[in-house]
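Notes follow the structure.
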Amino acid sequence: MNNMNQMMKQVKKMQEQMMKAQEELGTKKVEGTSGGGVVSVEVSGHKKVTAINIKPEAVDPDDVEMLQDLIMTAVNDALGKAEELANQDMGKFTNGMKIPGLF
């Protein structure tokens, strides 16, 4: 019975550490870019877009499709980096296991 209590304490401690790590992940930011940096997108560790920056030279009224592609590429780049960040930060708790809904 004592082993069970000890194990439950360890599980509770790990849960608290995971919750703290998840909160901290939301405060971290990554940046994705495209077009040599003319478009940049900032994403939080929770995979939410927090900023989009477009330099004037990226805007060509005669080629809106190019700007759309640049934005999409930068967003996907940032989201990929956010995924890597989440896997890095939370992976220490899951040892590489994919747990649905965790991150």
Side-chain angles (χ1 to χ4, degrees):
M1 187 69 166
N2 195 19
N3 284 342
M4 182 63 104
N5 286 337
Q6 186 66 21
M7 188 170 66
M8 292 305 291
K9 285 180 185 179
Q10 288 176 337
V11 167
K12 183 175 170 133
K13 182 178 179 183
M14 188 173 111
Q15 285 176 326
E16 289 170 357
Q17 290 173 334
M18 286 176 66
M19 293 296 287
K20 183 177 181 193
Q22 188 73 5
E23 285 177 30
E24 290 174 359
L25 188 59
T27 65
K28 295 181 179 181
K29 307 278 190 239
V30 294
E31 182 181 69
T33 62
S34 66
V38 295
V39 174
S40 64
V41 176
E42 183 182 86
V43 174
S44 75
H46 287 163
K47 302 175 193 157
K48 302 289 183 197
V49 175
T50 57
I52 297 175
N53 296 299
I54 302 170
K55 292 185 179 177
E57 58 266 28
V59 180
D60 179 354
D62 295 326
D63 195 2
V64 174
E65 190 173 299
M66 182 187 71
L67 179 57
Q68 292 168 336
D69 288 344
L70 288 170
I71 294 169
M72 183 175 56
T73 300
V75 168
N76 288 332
D77 184 39
L79 289 173
K81 289 176 181 177
E83 180 74 22
E84 288 176 26
L85 179 66
N87 287 338
Q88 220 174 31
D89 283 8
M90 299 306 290
K92 59 188 165 202
F93 297 107
T94 63
N95 291 327
M97 293 185 308
K98 296 286 185 187
I99 300 175
L102 182 59
F103 54 91

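Only heavy atoms go into these numbers, but all of them, side chains included; no hydrogens, no water, no symmetry mates. Along the sequence shown, residues carry numbers from 1. Because the structure is predicted, anything quoted here is derived from the model rather than measured.
Closest of all the heavy-atom pairs between Ala58 and Leu70 is CB-CD1, 4.4 Å. Residues Gly45 and Ala86 share a closest heavy-atom pair of O-CB, 4.4 Å. The two residues Val30 and Ala78 have their closest heavy-atom pair at CG2-O, 3.5 Å. Residues Val39 and Ala74 come closest through the heavy atom pair CG1-CB, 3.8 Å.
Checking side-chain atoms of His46 against main-chain N and O of Gln22 turns up a donor-acceptor pair under 3.5 Å.
Contacts of Glu31 classified as side-chain hydrogen bond (donor to acceptor under 3.5 Å, both in side chains), with partners at least two apart in sequence or in another chain: none. Residues satisfying the side chain to side chain contact (heavy atoms under 4.5 Å, CB included) test with Gln17, not counting sequence neighbours, are Lys13, Phe93. Checked against side-chain hydrogen bond (donor to acceptor under 3.5 Å, both in side chains), Asn76 has no partners two or more places apart in sequence or in another chain. Every residue was checked against the salt bridge (Lys or Arg N to Asp or Glu O under 4.0 Å) condition with Asp69, not counting sequence neighbours, and none meets it. For Val75, the side chain to side chain contact (heavy atoms under 4.5 Å, CB included) test picks out Val41, Ile71, Leu79, with sequence neighbours left out. Judged as a side-chain hydrogen bond (donor to acceptor under 3.5 Å, both in side chains), and not counting sequence neighbours, Lys29 has no contacts. Annotation: salt bridge (Lys or Arg N to Asp or Glu O under 4.0 Å) contacts of Lys20 (sequence neighbours excluded): Glu24.
If you take CE on Met7 and CG on Asn3, they are separated by 8.5 Å, rounding to the nearest 0.5 Å. Remark: Asn5 CG to Gln10 CD distance equals 11.5 Å, nearest 0.5 Å. Here the CD-CD distance, from Gln68 to Glu65, works out to 6.5 Å after rounding to the nearest 0.5 Å.
Counting only residues at least two apart or in different chains, salt bridge (Lys or Arg N to Asp or Glu O under 4.0 Å) contacts with residues 3-12 are absent. Listed by first then second residue, pairs satisfying side chain to side chain donor-acceptor pair (under 3.5 Å) with a partner in residues 50-61 read Glu42-Thr50, not counting sequence neighbours. Annotation: salt bridge (Lys or Arg N to Asp or Glu O under 4.0 Å) contacts involving residues 72-81, sequence neighbours excluded, comprise Asp77-Lys81.
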Item to check | Asp89/Lys28 under side-chain contact (heavy atoms from CB on, under 4.5 Å): CA gap, chis, key distance, verdict | outcome: CA-CA 11 Å; Asp89 283 8; Lys28 295 181 179 181; 2.6 Å; yes
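Met14 and Met90 fall within a single hydrophobic cluster, where Ile, Leu, Val, Met, Phe, Trp and Tyr side chains are chained together by heavy-atom contacts under 4.5 Å. Cluster annotation: Met66 is not connected to Met72 through the hydrophobic network of ILVMFWY side chains, with a link wherever side-chain heavy atoms come within less than 4.5 Å.
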